[in-house]
Protein chains: 2
Amino acid sequence: MAEIRARQALLPQGWASDVTVTIGADGRIAAVTEGAPAPPGAQAVDTLLPAPANLHSHAFQRAMAGLTEARGPDPRDSFWTWRQLMFRFLDRLTPDDVEAIAAFVQMQMLEAGFATNVEFHYLHHRPGGGPYDDPAEMSARIAAAAAATGIGLTLLPVLYRFGGCDGRALGPGQVRFGTTPDSFARLHQGAARALRALPADAVLGAAPHSLRAVAPDDLPRLAALTGGPLHMHLAEQQAEVDEVLAAHGARPVRWLLDTAPPDARWCLIHCTRMTAEETLGLAATGAVAGLCPITEANLGDGIFDGVRWHGADGRWGIGSDSNLRISLAEELRQLDHSQRLRDHSRAALATPGRSTGRMLWDGAARGGAQAAGRPSGAIAPGLWADLVALDRDEADLDGTMGDTTLDAWIFASPGRVADLWAAGRHVVQAGRHRGHDAITDRYRATLRRLREAA
Amino acid sequence: MAEIRARQALLPQGWASDVTVTIGADGRIAAVTEGAPAPPGAQAVDTLLPAPANLHSHAFQRAMAGLTEARGPDPRDSFWTWRQLMFRFLDRLTPDDVEAIAAFVQMQMLEAGFATNVEFHYLHHRPGGGPYDDPAEMSARIAAAAAATGIGLTLLPVLYRFGGCDGRALGPGQVRFGTTPDSFARLHQGAARALRALPADAVLGAAPHSLRAVAPDDLPRLAALTGGPLHMHLAEQQAEVDEVLAAHGARPVRWLLDTAPPDARWCLIHCTRMTAEETLGLAATGAVAGLCPITEANLGDGIFDGVRWHGADGRWGIGSDSNLRISLAEELRQLDHSQRLRDHSRAALATPGRSTGRMLWDGAARGGAQAAGRPSGAIAPGLWADLVALDRDEADLDGTMGDTTLDAWIFASPGRVADLWAAGRHVVQAGRHRGHDAITDRYRATLRRLREAA
């Protein structure tokens with residue numbers, strides 16, 4: 001049992017002052033009270049918020065961050081060039097490397113304000129493509145990283161069958177990912193075993209990689225296999241839209257809506273290439289749009305139609321995807337700024353009663369929880385105690401209150417957090433993860449070796 | 001005399017290892033040597049770069065950062081709504097306030113990697129519009145802040161005559177800015193006096209506010225009045241383009257090219273609304289495009305055509321403008337990411353020999369120096385010693401070298417700097433400005449009072 005006392009807190013009904021949050025021994029919020037005297041021994045914080053889940057990550061890609069900004073031989077140097085470099089880079093990752101990188105990524109997520117890592121995990125096999133002795137070796141390493149960092153983990157083993165919509169074999173750079181429906185079922189079982197070592201808030205789901213990489217009947221098959229969340233990349237790049245249109249006779253979102261309509265268990269990642277009609281149709285399903293604004297900008301994917309999606313009350317959340325930069329504030333700012341640049345508008349996601357920052361925070365917390373399959377996303381009894389504290393003693397936040405605290409944090413500050421609890425585990429204190437130095441040292445040693453070999 | 005020893009340094013001819021830079025007592029670079037043994041007593045740094053100038057700032061606007069992200073009464077809540085709030089806010093700023101805010105802004109610039117503050121300064125008068133006893137009181141306060149922070153200052157007093165192209169009077173929110181050609185000449189003389197208190201690298205220029213706010217013949221008049229750089233807002237918002245077109249019969253950039261063609265003394269701020277032909281025409285003049293990517297995104301100005309400008313070898317640099325966020329890394333990233341989002345491309349500003357980060361750094365250093373009227377922008381003898389050191393001991397930069405150090409710093413790191421020298425003044429050490437705490441405390445006290453009254 002622990003108690004937190006906040007000067008201001010964002011509760012489901014809005015901002016409240018002098019709030020005490022009681023965390024039970026099970027990691028759930030036991031009680032929330034307003035206005036009563038501060039209990040002795042409570043941890044004093046300034047601004048308390050529900051900590052969002054990071055709903056899309058490929059942890060290992062962090063090791064390539066910054067290495068792919070030169071110009072390749074293709075004069076247009078597109079996404080596909082980046083993808084080739086990624087395939088070469090991961091040819092040499094060992095399970096130890098993946099564990100070290102995942103721990104660093106999870107630490108940076110926690111220090112950025114995310115309580116949960118939803119890991120879209122497709123790096124299953126040895127270099128060359130053979131299975132590890134434990135087929136779920138890599139899943140176990142991600143779970144081990146989560147045990148060390150204390151982050152909430154939603155693990156999504158990925159089904160990755162084909163190199164394209166025509167059912168062609170995977171390319172040489174993809175052999176570590178390849179799964180059949182049968183091997184995927186074993187992998188999913190192995191991942192379930194690996195998660196048993198984690199606290200009770202860990203979640204197992206499944207992810208068909210994309211419409212290019214699975215068969216249409218894999219979607220209901222995976223939905224039947226797992227009781228957890230279902231994620232899939234969708235409508236990220238024009239080449240993908242063209243390929244699905246040619247193979248299936250419809251653009252990806254249209255095809256999905258007509259053939260295998262998603263429900264609230266689904267999170268569709270990117271959705272940067274949707275028509276207005278597709279945007280409205282997908283928003284109406286209750287599925288979450290998994291937005292990765294920094295990665296989508298870096299890869300030139302395009303701008304998600306957030307204004308239309310918001311107008312249709314669509315669910316959405318934030319993922320750091322390639323983990324190029326792990327910053328909740330920068331992701332939210334990039335999401336909103338791209339809307340403004342496209343529309344020549346300001347504060348388009350705000351409503352008269354809620355500022356831009358408030359709408360962004362509410363959306364990311366609610367949608368992230370849904371996508372993670374994790375009862376969380378609000379400061380309310382019964383939910384996991386995923387909580388983040390900001391400190392208005394930071395000069396950038398001084399003199400703000402309520403919604404303007406969020407606006408200043410997202411738009412005018414480096415996005416530091418003071419404290420973070422993941423399912424009640426108090427893993428970030430005074431801005432630093434409790435294992436910061438050891439995790440960083442291990443990551444740096446890994447990175448140097450990988451980059452020197454690159 | 002001081003010596004710096006860098007493991008790697010970006011010299012005019014490219015990256016070099018084991019570089020010693022000697023700074024003369026006058027603040028200029030006295031010598032640059034490669035490969036020789038490290039001199040005893042030299043300051044050891046990791047990666048040494050020319051520190052760019054921040055070419056556009058309205059310091060006082062920092063105090064409003066984060067307060068304008070709610071939704072106003074106008075359903076489109078545009079730039080013009082933001083402008084109204086700005087006018088109300090600055091109604092209460094005193095000279096003490098402006099000095100405190102300017103010092104904080106300059107400190108954040110230095111800690112972000114900028115060596116120079118080019119201040120586009122139009123807050124001249126008392127609330128109500130009457131002059132201070134010293135008409136250049138506010139200029140003197142900005143100079144006092146620069147004396148305290150050690151930043152290089154290029155001060156641009158602004159001529160702000162009219163409320164629009166039709167020559168109408170300034171609105172009630174603009175009375176603190178108003179100048180006539182006569183009062184501007186006195187103000188410019190007063191600013192020159194104020195700068196005499198600063199080291200020899202301070203520069204005085206002038207700035208006609210915009211084509212909306214001055215008469216056409218003010219442009220040659222200001223060019224004759226000052227020997228320094230000339231800056232003007234240009235083609236930022238559609239309403240401005242429409243107004244200039246209606247009043248002068250041409251879009252702003254076209255009108256300028258035809259009527260008062262700028263030369264290399266000029267820096268045109270924003271230029272987010274140019275046709276392809278205007279982009280090529282303006283690039284060919286040798287004038288600098290003053291880009292403010294974070295502010296332009298926040299205000300929904302639009303996306304500068306950086307790919308076309310680069311292709312035409314146009315000069316450009318970075319300004320933090322509203323000072324919403326003061327981060328060189330984030331500005332450069334936002335500039336590049338907006339090109340990618342518009343074009344669905346990657347690394348479009350890179351060339352086969354230079355990465356994206358390298359092109360961004362070279363451009364910002366060279367163009368910033370030109371716009372600041374400051375012999376700097378490269379590590380070469382005779383130039384001001386405007387130098388910034390990065391540290392690859394940061395986990396985000398580990399294992400990088402040369403161009404990839406810049407790529408990782410811009411795209412994959414929080415953008416911290418280790419050390420910074422402005423004209424040889426070693427003002428940032430181990431990431432912190434030498435007056436960090438005192439400057440921050442004064443800013444916070446100012447901010448609280450201003451925001452509580454707001």
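Below, read A as the first sequence line, B as the second, and so on, with proteins coming before strands; counting in each chain starts at 1.
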**Student:** Is it the backbone or the side chain of A:T404 that comes under 4.5 Å from a heavy atom of chain B, or both, or neither?
**Tutor:**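 Looking at A:T404, backbone and side chain both touch chain B.
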**Student:** Where on A:I303 is there a heavy atom nearer than 4.5 Å to chain B: the side chain, the backbone, both, or neither?
**Tutor:**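 For A:I303, backbone and side chain are both near chain B.
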**Student:** Does any heavy atom of chain B fall under 4.5 Å from the side chain of A:R416, the backbone, both, or neither of them?
**Tutor:**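 The answer is neither part of A:R416.
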**Student:** Which atoms of A:D396 come close to chain B, meaning under 4.5 Å heavy atom to heavy atom: side chain ones, backbone ones, both, or neither?
**Tutor:**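 Both parts, backbone and side chain.
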**Student:** Quick one: what part of A:T351 sits under 4.5 Å from any heavy atom of chain B, side chain, backbone, both or neither?
**Tutor:**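 Contact with chain B involves the backbone of A:T351 alone.
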**Student:** Heavy-atom distance under 4.5 Å to chain B: side chain of A:D441, backbone, both or neither?
**Tutor:**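 Neither the backbone nor the side chain of A:D441 comes within 4.5 Å of chain B.
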**Student:** I'd like to verify something: which residue of B:S413, B:S327, B:S338, B:G302 has the highest number of heavy-atom pairs under 4.5 Å with chain A?
**Tutor:**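 It is B:S413.
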**Student:** Between B:A347 and A:A70, what is the shortest heavy-atom contact and its length?
**Tutor:**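 Minimum heavy-atom separation between B:A347 and A:A70: CB-O, 3.9 Å.
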**Student:** Below 4.5 Å from any heavy atom of chain B, which atoms of A:T405 appear? Answer side chain, backbone, both or neither.
**Tutor:**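 Interface part for A:T405: neither.
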**Student:** Can you tell me how far apart CG (A:L447) and OG1 (B:T400) are? Round to the nearest 0.5 Å.
**Tutor:**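 If I round to the nearest 0.5 Å, the distance is 9.0 Å.
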**Student:** Tell me, side chain or backbone of B:F411 under 4.5 Å from chain A's heavy atoms, or both, or neither?
**Tutor:**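 Its backbone and side chain both get close to chain A.
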**Student:** Would the distance check show the side chain of A:R340 and the main-chain N or O of B:A297 forming a donor-acceptor pair, the cut-off being under 3.5 Å?
**Tutor:**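 Looks like no, no N/O pair under 3.5 Å.
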**Student:** Roughly how far, to the nearest 0.5 Å, is CZ of A:R358 from CD of B:E69?
**Tutor:**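 That separation rounds to 15.5 Å.
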**Student:** Not counting sequence neighbours, which residues clear salt bridge (Lys or Arg N to Asp or Glu O under 4.0 Å) with A:E296? List them please.
**Tutor:**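 Once residues adjacent in sequence are excluded, A:E296 has no partner under the salt bridge (Lys or Arg N to Asp or Glu O under 4.0 Å) criterion.
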**Student:** Chain B: which of A:P414, A:A412, A:G357 shares the most heavy-atom pairs with it under 4.5 Å?
**Tutor:**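 With the most close heavy-atom pairs to chain B, the winner is A:A412.
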**Student:** Is A:D403 in contact with chain B via its backbone, its side chain, both, or neither, using a 4.5 Å heavy-atom distance?
**Tutor:**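 Nothing of A:D403, per the 4.5 Å heavy-atom cut-off to chain B.
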**Student:** For the interface with chain A, which of B:A65, B:A395, B:A408 has the highest count of heavy-atom pairs at distances below 4.5 Å?
**Tutor:**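 Counting heavy-atom pairs under 4.5 Å, the top option is B:A395.
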**Student:** Hey, what do you get for OG1 (B:T295) to NE2 (A:H337), rounding to the nearest 0.5 Å?
**Tutor:**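 B:T295 OG1 to A:H337 NE2: 8.5 Å, rounded to 0.5 Å.
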**Student:** What part of A:Q108 gets closer than 4.5 Å to chain B, counting heavy atoms only: side chain, backbone, both or neither?
**Tutor:**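 Only the side chain of A:Q108 comes within 4.5 Å of chain B.
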**Student:** Counting only non-hydrogen atoms closer than 4.5 Å, does B:L324 touch chain A with its backbone (N, CA, C, O), its side chain (CB onward), both, or neither?
**Tutor:**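 For B:L324, heavy atoms of backbone and side chain both lie under 4.5 Å from chain A.
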**Student:** What pair of heavy atoms forms the shortest contact from A:R448 to B:D398, and how long is it?
**Tutor:**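 Scanning both residues completely, I find the closest heavy atoms to be NE-OD1, 2.6 Å.
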**Student:** Measure distances from B:R392 to the heavy atoms of chain A and classify the residue's part below 4.5 Å as side chain, backbone, both or neither.
**Tutor:**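 For B:R392, neither part sits under 4.5 Å from chain A.
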**Student:** Non-hydrogen atoms of chain A under 4.5 Å away: do they reach the side chain of B:R333, the backbone, both or neither?
**Tutor:**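 The answer is the side chain of B:R333.
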**Student:** Given B:E330, which of A:Q334, A:E330, A:R325 fulfils the side-chain contact (heavy atoms from CB on, under 4.5 Å) condition?
**Tutor:**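 Of A:Q334, A:E330, A:R325, side-chain contact (heavy atoms from CB on, under 4.5 Å) with B:E330 is met by A:E330 alone.
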**Student:** Below 4.5 Å from any heavy atom of chain A, which atoms of B:R62 appear? Answer side chain, backbone, both or neither.
**Tutor:**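 Looking at B:R62, just its side chain touches chain A.
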**Student:** For B:D336, is it the side chain, the backbone, both, or neither that has a heavy atom closer than 4.5 Å to a heavy atom of chain A?
**Tutor:**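 B:D336 has no heavy atom closer than 4.5 Å to chain A.
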**Student:** Looking at A:D301 and B:H344, what are the two nearest heavy atoms and their distance?
**Tutor:**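 That closest heavy-atom pairing would be O-CD2, 3.8 Å.
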